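Predicted, not measured: the structure shown is a model, and the values here were computed from it.
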Amino acid sequence: QVQLVESGGGLVQAGGSLRLSCEASGLTFSSYHMGWFRQAPGKEREFVATLSWSGLSTYYSDSVKGRFTISRDNGKNTVYLQMNSLKPEDMAVYYCAASSRKTLGTIVTMSGYDYWGQGTQVTVSS
């Protein structure tokens, strides 16, 4: 069965950095688009970043562009989200997701993803 397990969340001061990891199992990782989403208390889950199965295409939300970087290591079945210059508004539960859709582009909608992790909490203190 498919499992996505996030790690790397925690408490960080504003301006600091964190690197989230998401290890996948039960799927052919190199064939899947991978994405990161987040959900703050009282808000809907929102798109953060995505990386195509080929690793050639990335897309970021405007709110994180230039601060966050998504990457993948197919040898480790892992996708990463490097988060720099963190702001209090970045505080949320972060989820990784995997999509089997056959597209050359990127996938930014929740409905485009087949599998989800359980989430990891990121807390940013001001």
Hey, is the main chain of [Y] close enough, under 3.5 Å, to the side chain of [X] for a donor-acceptor pair?
X	Y	value
N74	S30	no
R45	Y94	no
E6	G119	yes
Y113	I107	yes
H33	R101	yes
S52	S57	yes
R19	Q82	no

Got a second to check how far [X]'s [atom1] is from [Y]'s [atom2], nearest 0.5 Å?
X	Y	atom1	atom2	result
M34	I70	CE	CD1	7.5 Å
K87	S63	NZ	OG	8.0 Å
T69	N84	OG1	CG	6.5 Å
T78	L20	OG1	CG	12.5 Å
R38	E44	CZ	CD	14.0 Å
S61	F68	OG	CZ	7.5 Å

Exercise. Does K43 have any salt bridge (Lys or Arg N to Asp or Glu O under 4.0 Å) partners at least two apart in sequence or in another chain, and if so, which?
Worked result: none
Exercise. Do K76 and E23 meet the salt-bridge criterion of a basic N to acidic O distance under 4.0 Å?
Worked result: no
Exercise. Below 4.5 Å, heavy atoms only, C-beta onward: do L81 and V48 meet side chain to side chain?
Worked result: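 Result yes, sub-4.5 Å side-chain heavy-atom pair found.
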For this session: Report the C-alpha distance between Y60 and F47 in whole Å, list the side-chain angles of each, state the deciding distance to 0.1 Å, and finish with yes or no for ring-ring contact (aromatic ring centres under 6.0 Å, His included).
Result: CA-CA 8 Å; Y60 298 90; F47 166 77; 8.2 Å; no
For this session: May I ask you to check if K65 and Y59 form a cation-pi contact, with NZ or CZ under 6.0 angstrom from the six-membered ring centre and within 45° of the axis?
Result: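 Yes, K65 sits over the ring of Y59.
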Problem set entry | Six-ring centre of F29, R72 cation under 6.0 angstrom, axis tolerance 45° | yes
For this session: Using a cut-off of 6.0 Å, state whether more than 12 heavy atoms not belonging to W53 lie near its atom CH2.
Result: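 No, the 6.0 Å shell around CH2 holds no more than 12 heavy atoms from other groups.
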